[in-house]
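The structure under discussion appears below in the form of C-alpha cells.
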Amino acid sequence: MEKKKGISLQEKQSLAGWGFLAPASILIFILSFYPMVRAFIMSLQTGSAANMQWQKPLFRNYTRMVHDTTFIRSMGNTFLYLIIQVPIMLVLAILLAQLLNNKDLRLRGLFRTMVFLPCATSLVSYSLIFRSMFAQQGLVNSVLMKLGIISKNINFIGTTSWARFVIIFALIWRWTGYNMVFYLAGLQNIEYSVYEAAKIDGANGWKTFWHITVPLLRPTIIMTFIMSINGTLQLFDESVNLTNGGPANTTITMSHYIYNLSFGKGVSNFGYASALSFVVFVLVAILAAINLKVGDTRD
C-alpha cells in the first residue's frame, strides 16, 4: 500500500496565513467594498429607501450634479479648506516636531502633550466651543474690543469670509498635533550621526532641515498629506456644528450636503446622495494616487 503524503511545512504555513487573513479580509469586504458597490448601484436609482427604482436615463443623478449650484458651492468650499488648511497645518506640524525633537529642550514631554491634546477632544464638543468663542458676544470679540483692535463686534459666524476663516482656524488647531506625532516618530528614526556629519561639513540649521530632514521624512509627509486630503474632502463636523453650512450655504461642505440630502429637512434622496458620495470617493482616490505618484522616488 502507498502511504498517504502529509501536508508539507510550506503548505501548513500557507494555510495558517490564509486562516489569519480570512477574518480581516471578510470584514473589509463586508464593511468597505460591498458598501462601495452598493452605493454605486444606488446612485443609479431614485425614490425612497423602500421603493428604489432605476433612473431614466440611468446616469441622471450624475448629470444633475453639474447643474446643482449648492453642490458646486460645497465642492468649492471643501477645496478652499483643503488648499489653505492642509499646507499650513502640515508645515506647522513639521516645525513643531523639529522643535520638540530637540533632546536638550526641557519639559519637551509636557509641550508635546499640550500640542497633541486638541486631537484628543471630541469633534462635536470642540466645534461647539469654537462656535461660542467666535459668537458676536463671545470671548474673541471681547478680547479684541478690550485690546482696541476692533470698534464693534464682528459677526464671525454670520459673515461668509469670517465663517470660513473660523472653520480653517479650528481645523488647524485640531489636527496639527495629530500630524506632529507622525513627524516626531519619523524624526526619531533618523540617526543623530547624520546631523553631526552635516554640522561638521558646515551646514546650518536651515540647510540641515531642508536637505536632510525633509528628504528622510518624505514617506511620512506623503502619508500625512494623503490622510489630510482624505479627511478634508470628507469634512463634516465643523461645517455642521460651527456654521451649520451658513450663511446661506456659503460654508457648507460636500459631506454636509450629502447628509442634508439623506437625513436633513424634506424628502430623503438616497440615490442622488449616493451619486455625490461616489464622486467624493473618486476624488479621494485620484488625489491619493497623484500624491503617491509624485512621492515615488523609485526608478
Side-chain angles (χ1 to χ4, degrees), residues 11 13-66 68 70-72 74-75 77-79 81-82 86 119 122-124 175 178 182 219 222-241 245 252-293 295-296:
E11 290 174 335
Q13 291 175 341
S14 179
L15 287 172
W18 281 111
F20 282 113
L21 283 173
S25 301
I26 293 169
L27 284 174
I28 290 172
F29 175 80
I30 294 172
L31 299 176
S32 296
F33 291 105
Y34 174 73
M36 290 178 196
V37 175
R38 189 69 187 89
F40 179 71
I41 294 172
M42 190 178 291
S43 71
L44 305 177
Q45 297 176 327
T46 186
S48 62
N51 186 27
M52 299 293 289
Q53 299 175 351
W54 295 105
Q55 280 277 21
K56 296 179 182 179
L58 194 60
F59 290 93
R60 185 179 177 184
N61 285 329
Y62 290 92
T63 57
R64 172 184 170 183
M65 67 180 66
V66 178
D68 188 345
T70 305
F71 173 68
I72 294 171
S74 70
M75 181 180 286
N77 290 334
T78 305
F79 274 93
Y81 303 146
L82 173 67
V86 170
C119 178
S122 166
L123 286 168
V124 175
W175 295 108
Y178 176 81
F182 290 101
I222 293 170
M223 179 191 69
T224 54
F225 203 75
I226 291 172
M227 290 194 306
S228 300
I229 289 173
N230 187 7
T232 306
L233 288 178
Q234 299 177 68
L235 188 63
F236 176 76
D237 291 273
E238 289 77 9
S239 175
V240 173
N241 298 304
I252 194 171
T253 60
M254 289 189 288
S255 294
H256 187 181
Y257 184 47
I258 292 169
Y259 172 82
N260 286 345
L261 287 170
S262 301
F263 310 106
K265 299 177 181 179
V267 179
S268 298
N269 193 337
F270 292 111
Y272 186 48
S274 296
L276 298 184
S277 62
F278 205 79
V279 168
V280 174
F281 165 73
V282 171
L283 287 173
V284 171
I286 291 172
L287 291 175
I290 291 172
N291 278 293
L292 288 172
K293 186 66 177 177
D296 191 355

Taking all non-hydrogen atoms of both residues into account, name the closest pair between [X] and [Y] and its distance.
| X | Y | result |
| --- | --- | --- |
| Q45 | N61 | O-ND2, 3.0 Å |
| N260 | I252 | ND2-CD1, 3.7 Å |
| M42 | S274 | SD-OG, 3.3 Å |
| T78 | T232 | CG2-O, 3.4 Å |
| E238 | W175 | OE2-NE1, 4.4 Å |
| T70 | Y257 | CG2-CE1, 3.5 Å |

Relative to each other, are the rings of F59 and F40 parallel, tilted or perpendicular (30° and 60° limits)? tilted
Would you call the rings of F236 and H256 parallel, tilted or perpendicular, taking 30° and 60° as the class edges? perpendicular
For [X] and [Y], indicate whether the former's side chain and the latter's backbone hold a donor-acceptor pair under 3.5 Å.
| X | Y | answer |
| --- | --- | --- |
| S14 | E11 | no |
| S262 | A273 | no |
| D237 | V124 | no |
| S255 | Q234 | yes |

Going from [atom1] on [X] to [atom2] on [Y], what distance comes out if it is rounded to the nearest 0.5 angstrom?
| X | Y | atom1 | atom2 | value |
| --- | --- | --- | --- | --- |
| L261 | S277 | CG | OG | 10.0 Å |
| L276 | R64 | CG | CZ | 8.0 Å |
| N77 | M75 | CG | CE | 11.0 Å |
| N230 | F281 | CG | CZ | 10.5 Å |
| I26 | L31 | CD1 | CG | 11.5 Å |
| Y81 | L233 | OH | CG | 13.0 Å |

What I'd like to find out is whether the side chain of [X] reaches to under 4.5 Å of the side chain of [Y], using heavy atoms alone.
| X | Y | answer |
| --- | --- | --- |
| F79 | L283 | yes |
| M254 | V279 | no |
| I41 | W54 | yes |

Verify whether the ring centers belonging to F263 and Y259 lie closer than 6.0 Å. yes
Walk me through whether Y272 and T46 qualify under side chain to side chain contact (heavy atoms under 4.5 Å, CB included). CA-CA 7 Å; Y272 186 48; T46 186; over 6 Å; no
